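Down below is the structure, laid out as structure tokens.
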Amino acid sequence: DIGCGPGYVLSWLPEPQYYGFDVSPEYIRHAKDRYGTRGHIFCQYFEDATLEWLPPVDVVLLMGVIHHLDDDETVQLFRRVKRAMKADGRLVTQDGCYREGQSGIARRLLDMDRGRFIRDEQAYLALAAQVFPTVCGSIRDDFFRVPYTTLVMECRP
């Protein structure tokens with residue numbers, strides 16, 4: 001779970017072999033306080049050196065991360081993620097997404113997001129396709145109580 005934040009995803013996972021990474025000391029402190037016995041949680045970037053000790057993983061999560069990275073940073077992260085995955089693994093991402101016909105409120109909320117690299121669906125898919133041979137996406141407008149458009153991507157090596 002790269003960009004794991006406070007580790008909330010652990011509330012929904014039964015008994016995972018979990019590795020969470022985030023650079024925010026506050027988020028990591030919260031994650032360790034609440035979920036510390038359920039996984040391995042690190043206050044660090046997910047770097048090449050991490051791959052030296054991290055066992056191959058089934059699933060990588062990037063929830064709300066990609067829209068904070070420029071195109072080059074995104075492709076580099078995707079390459080690193082692919083090397084971390086088992087041959088039959090998968091990457092799941094979720095990020096804010098612009099699209100034709102979305103509500104003005106959803107567009108405004110995206111404009112106000114801290115992420116400086118919110119893209120449309122095709123731009124996200126094109127970045128992932130540079131690294132992963134199998135990429136599919138789904139636009140969702142129903143994840144939040146407010147109008148907010150997200151793209152969920154699944155990528156396989």
Side-chain angles (χ1 to χ4, degrees), residues 1-14 16-24 27-28 30-31 35 39-48 50-51 54-102 106-107 109-157:
D1 188 1
I2 301 167
C4 68
Y8 292 140
V9 73
L10 278 165
S11 297
W12 304 100
L13 301 175
Q17 178 75 21
Y18 177 87
Y19 295 86
F21 301 88
D22 203 290
V23 296
S24 167
Y27 282 157
I28 292 300
H30 181 275
Y35 306 106
H40 310 281
I41 302 168
F42 304 94
C43 188
Q44 68 176 64
Y45 285 99
F46 186 77
E47 301 174 313
D48 286 335
T50 307
L51 300 175
L54 183 71
V57 297
D58 296 303
V59 177
V60 176
L61 300 175
L62 290 172
M63 308 308 263
V65 173
I66 302 303
H67 73 282
H68 292 282
L69 306 176
D70 69 27
D71 290 357
D72 290 337
E73 292 169 322
T74 298
V75 171
Q76 288 175 14
L77 179 58
F78 283 162
R79 287 184 178 133
R80 194 172 300 123
V81 163
K82 186 176 180 183
R83 292 190 350 247
M85 295 165 53
K86 292 180 179 177
D88 61 347
R90 65 185 165 152
L91 165 64
V92 178
T93 74
Q94 177 192 347
D95 283 278
C97 181
Y98 291 114
R99 72 171 173 85
E100 290 291 322
Q102 77 189 130
R107 182 166 288 275
L109 289 172
L110 289 168
D111 290 344
M112 293 173 20
D113 192 286
R114 289 179 298 153
R116 295 186 353 233
F117 302 98
I118 297 174
R119 302 162 175 94
D120 65 17
E121 178 181 17
Q122 292 309 311
Y124 283 115
L125 295 173
L127 289 171
Q130 291 182 44
V131 177
F132 294 97
T134 304
V135 178
C136 59
S138 176
I139 295 280
R140 300 294 301 262
D141 293 304
D142 59 345
F143 281 170
F144 303 100
R145 292 183 183 159
V146 297
Y148 196 84
T149 307
T150 61
L151 173 69
V152 176
M153 278 195 308
E154 182 179 352
C155 308
R156 294 183 178 265

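In this text, all values refer to a predicted model and were calculated from it rather than measured experimentally.
Contact between C97 and I139 at its shortest, heavy atoms only, is SG-CD1, 3.6 Å. Of all heavy-atom pairs between A128 and C155, the closest is CB-SG, 3.8 Å. Residue L51 comes nearest to A84 through the heavy atom pair CD2-CB, 3.5 Å, listed as atom of the first residue, atom of the second, then distance. The minimum heavy-atom distance linking R114 with H68 is given by the pair C-CE1, 3.9 Å. Nearest heavy atoms, P157 versus G89: CD-O, 3.2 Å. Counting all heavy atoms, side chain and backbone alike, G5 lies closest to D22 at N-OD2, 2.7 Å.
With values rounded to the nearest 0.5 angstrom, R107 atom CZ is found 9.5 Å from R99 atom CZ. With values rounded to the nearest 0.5 angstrom, D58 atom CG is found 10.0 Å from Q17 atom CD. Rounding to the nearest 0.5 angstrom, the gap separating the OG1 atom in T150 from the CZ atom in F143 is 5.0 Å. Summarising the geometry, atom CG belonging to L69 is positioned 10.0 Å from atom CG belonging to L127; distances are rounded to the nearest 0.5 Å. Here L61 contributes atom CG and Q94 contributes atom CD; the two are 10.0 Å apart, rounded to the nearest 0.5 Å. Expressed to the nearest 0.5 Å, how far NZ of K82 lies from CZ of R79 amounts to 9.5 Å.
Using modelled atom types and a 3.5 Å distance limit, the side chains of S11 and Y35 yield a donor-acceptor pair.
The 12-atom threshold is not exceeded at OH of Y45, counting heavy atoms of other residues, nucleotides or ligands nearer than 6.0 Å.
In this pair, H40 and Y19 present their aromatic rings parallel. The plane angle is below 30°, not in the 30 to 60° band.
Between D88 and K86 no salt bridge is recorded (no basic side-chain N to carboxylate O distance below 4.0 Å). Ion pairing between a basic and an acidic side chain is recognised when a charged N comes within 4.0 Å of a carboxylate O; R119 and D95 show no such pairing.
Under the side chain to side chain donor-acceptor pair (under 3.5 Å) test applied with Y98, the options T149, D111, D120 reduce to a single match, D111.
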Trace of the side-chain hydrogen bond (donor to acceptor under 3.5 Å, both in side chains) decision for Y8 with D1: CA-CA 11 Å; Y8 292 140; D1 188 1; over 6 Å; no
Criterion side chain to side chain contact (heavy atoms under 4.5 Å, CB included) on Q130 and F78, from CA distance to verdict: CA-CA 9 Å; Q130 291 182 44; F78 283 162; over 6 Å; no
Report the C-alpha distance between Y18 and V9 in whole Å, list the side-chain angles of each, state the deciding distance to 0.1 Å, and finish with yes or no for side chain to side chain contact (heavy atoms under 4.5 Å, CB included). CA-CA 10 Å; Y18 177 87; V9 73; 3.8 Å; yes
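Proximity of F117 to T74: side-chain heavy atoms (C-beta onward) are nowhere separated by under 4.5 Å. For the pair T50 and Q44, the minimum side-chain heavy-atom distance is below 4.5 Å. Residues R156 and F132 have side chains not in contact (no heavy-atom distance under 4.5 Å, counting atoms from C-beta outward). Between T93 and V65 there is no side-chain heavy-atom pair separated by less than 4.5 Å. Taking the side chain as every heavy atom from C-beta outward, L110 and H67 never approach each other to under 4.5 Å. Y148 is listed as a side-chain neighbour of D113, based on a closest heavy-atom distance under 4.5 Å. Between R80 and F46 there is a side-chain heavy-atom pair separated by less than 4.5 Å. Looking only at side-chain heavy atoms (C-beta outward), L62 and L77 come within less than 4.5 Å of each other.
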